[in-house]
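In this text, all values refer to a predicted model and were calculated from it rather than measured experimentally. Just so we're on the same page: letters track the sequence lines, and every chain starts at 1.
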Protein chains: 2
Amino acid sequence: MTRRPRTAPGTRKAGRRAAAATAAGVTIREVAQAAGVSVATVSRVVNGTAVVRDDTRHRVEAEVTRLGYSPNAAARSLITNRTNTIGVVLPDIWGEYFSEVIRGIDLSARQAGYHVLVSSSHSDVAETRDVLRTMHGRVDGVIVMSPHASPRELQGCLPPSLPVVFLNSAPGGAPHAALHVDNRGGARAMVAHLLGLGHRRLAFVTGPASNFDAAERRRGCRDALRTARLGPDAVSEFEGDFGEESGQVAGEAIVRLETRPTAIFAANDSMAIGVLFALRGAGVRVPEEIAVAGFDDIPIARFASPPLSTVRLDIRTLGERALARLLAEISGEGASQAVREVLPIRLVLRESTGDRDGDARTGPPRAASVSQIVINSSTVRRRKAS
Amino acid sequence: MTRRPRTAPGTRKAGRRAAAATAAGVTIREVAQAAGVSVATVSRVVNGTAVVRDDTRHRVEAEVTRLGYSPNAAARSLITNRTNTIGVVLPDIWGEYFSEVIRGIDLSARQAGYHVLVSSSHSDVAETRDVLRTMHGRVDGVIVMSPHASPRELQGCLPPSLPVVFLNSAPGGAPHAALHVDNRGGARAMVAHLLGLGHRRLAFVTGPASNFDAAERRRGCRDALRTARLGPDAVSEFEGDFGEESGQVAGEAIVRLETRPTAIFAANDSMAIGVLFALRGAGVRVPEEIAVAGFDDIPIARFASPPLSTVRLDIRTLGERALARLLAEISGEGASQAVREVLPIRLVLRESTGDRDGDARTGPPRAASVSQIVINSSTVRRRKAS
DNA sequence: ATCGCGTATGTAACCGTTTACATTGCAAAG
DNA sequence: CTTTGCAATGTAAACGGTTACATACGCGAT
């Protein structure tokens, strides 16, 4: 009845082998046959999981290189249940901020033998969910950077078994590790510094309303004013979106004010550069008439005109730490489940606030209150290629 | 003799099922059992590969969502031989240039249902090779951006069956598709413009010696001088590395010259910004005393002081095109094997060269010689988050 | 000689899918 | 009533590894 006779058990293997040879990759069976050993032995040689006699090993190794064998990742992870890949979910990738994060993660990931599956540009929670779902089974763990959605909102789509580390996200009560930079403390320190310089009328250019980092920076700004016992009318706020243009718009609005502030603090460097651009266009001298400060210390900040005072984040370290936590969690040491780690910041005072120092001077004493955790943040930024 | 009795054929499946239930993910078998159908039917419902009766389908779908089933990617790609993932190999990730490339690739990749596996920071060819090897079996194709290694050098580690697209790489004779931006034509057009403004003594700040983009830009610069019948002594070259600091160093060297050039062309914007910084420090007025131009049109260029004239690359489009080519190659339409596609550039003339225009004015007529291929490059750069 | 044991290697189950082919049921055609 | 064909579903091989267990072998102790 059968139209095609089923391959008899004996012929089956031979058929397999022949078929595999036509496919793209060399299989472990071909290597085994060529070396005159079993697949188990080849596997042992390739993975070094057991002792193999020297001559056998040499023979296998020779065939491996001759045939250019490379184990099929899918087959391997199917049985081992590990992919050696971690996922990185970003809201979007702009400019230097995100590339530094990816860079930090990628560098340490490769060192640890992991690959990195990125996914960016998630405008909303639904999309983030979607990505998280399709990543399932492709990754051993995920680093999620979601300034708009709190961990709680993403809870549903996270298999409870999947290790996750959140980066700069709103505290969401989820039982996951979370790292963030000390946005609030950094902003507090910078505003305190400006107040220390004698400024009493400030302007603050905010980030996007829904962004958690932005919200924290605003909080830090208000903290400092409160500590100095200044009323909320000491600062006027202008809404920005973290882009240069919004900084420019805010700067233009500020110069039109009847009583101008004497200092402007922008929630990130890009906007601060937009502010500088607007002030220059209006003929306002910085820092003599108005001081300007930013946040992030992107590489270009030193080269602004005048060089921009800012709050330095060691973003690369953030990525590295995130990976370290994730790997710890993957290897099951995730006992310390809901860890929250805060990375410290440093004030970098340059000419835009009238601090005529060159670079990297540590902030005033109160910056010490920022965080206990000390991390080697002396990495020199180098950039070399196009 | 056997210490443990082998599971009889009949009990095997039951054992399997039970074991699977303990593991992390829900398997297709559990769904099948719950819905009272076979695994084949579940597969058909999930993939929509065959007609299934309505009531059966509804039952299966219900169980899928109830159990939160998501197909195991490894198992699937083992049998289908497709991973729905593409690899991106970058020399390193700095600043806005690379994040734009990744962004362009990632956006179109996700739209096409693909994931992106990135790997950056490959200082040398050996490392690139290594990465390419371990990516094998994890990706359906690779986009390689390797300004230092020519495709020929990577030939050895590329399985001939793996679709590959090179980005901005030296021409290597390899039978692979290659895209690049018109570095040479762009540089030629900018220098021609400077000459058209009357400049006769130029300085050119080069990129890293081993970088192909940098070499092309230098060639374009020389082309323009030759066309204008000016001797090679009309331009003095200063070596840079694409970082701001090297631009600053070059700028400082230039102002120390006994006879200064009247225009400086830097091989990228970062260095041009370093040059501007140096000139400002030395009290040299731009563009009155010296004109300055860059290459790339990174977002910050408009906000430089003065706003920087530059050559705009639509980097995101580059990424998109690369992905499109790769997908074509993956789906077997790679008949046009050794395609070389050149993306056009545009001159963006701002104040740093004395062109008082705002933004995005198209270059002089000769820019038309740059390339025939016209691509919608009117995308407005927007940046919103931290 | 036999036994026991350790070492090196082989055999085949198993991972979770997809899919070719088999099977079943039912309606229309003969 | 039997045959034929089609539609819906089931069965099990196959993907390419890893690894538990089986086996073969050599060697010293009994």
Give the rounded distance in Å between these two atoms: [atom1] of [X] and [atom2] of [N].
X     : N      : atom1 : atom2 : value
A:R59 : C:dG10 : CZ    : C1'   : 14 Å
A:N72 : C:dT17 : CG    : P     : 17 Å
B:R76 : C:dT17 : CZ    : C1'   : 8 Å
B:L78 : D:dC15 : CG    : C1'   : 4 Å
B:Q33 : D:dG10 : CD    : C1'   : 15 Å
A:N81 : C:dT17 : CG    : C1'   : 14 Å
A:I28 : D:dC15 : CD1   : C1'   : 14 Å
B:R29 : D:dA12 : CZ    : C1'   : 10 Å

Got a donor-acceptor contact below 3.5 angstrom from the [X] side chain to the [Y] backbone?
X      : Y     : value
B:S77  : B:A73 : yes
B:T80  : B:R76 : yes
A:D140 : A:N84 : yes
B:Q33  : B:E30 : no

Rounded to 10°, tell me the angle between the two end axes of the helix from C:dA1-D:dT30 to C:dG30-D:dC1, each built from five pairs.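 Inter-axis angle at the ends, rounded: 70°.
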Are [X] and [Y] ion-paired here, with the side-chain N under 4.0 Å from a carboxylate O?
X      : Y      : value
A:R59  : A:E63  : no
B:R325 : B:E341 : no
A:D54  : A:R57  : yes

Under-4.0 Å side-chain N/O to phosphate OP1/OP2 contact, B:Y69 with C:dG16: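 For B:Y69, the contact criterion (side-chain N or O under 4.0 Å from OP1 or OP2 of C:dG16) is not met.
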Minimum-distance pair of heavy atoms, taken over all atoms of A:A50 and A:R44: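 Nearest pair, atom of A:A50 first, then A:R44: CB-CD, 3.4 Å.
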For DNA chain C, the residues among residues 34-58 of chain B that have a non-hydrogen atom under 4.0 Å from it: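 B:A40, B:S43, B:N47 - these, ordered by number, are the residues of the stretch whose heavy atoms sit under 4.0 Å from the strand.
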With rounding to the nearest 0.5 angstrom, report the CZ to NE2 distance, B:R53 to B:H58.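 Atom-to-atom, B:R53:CZ and B:H58:NE2 are 11.5 Å apart.
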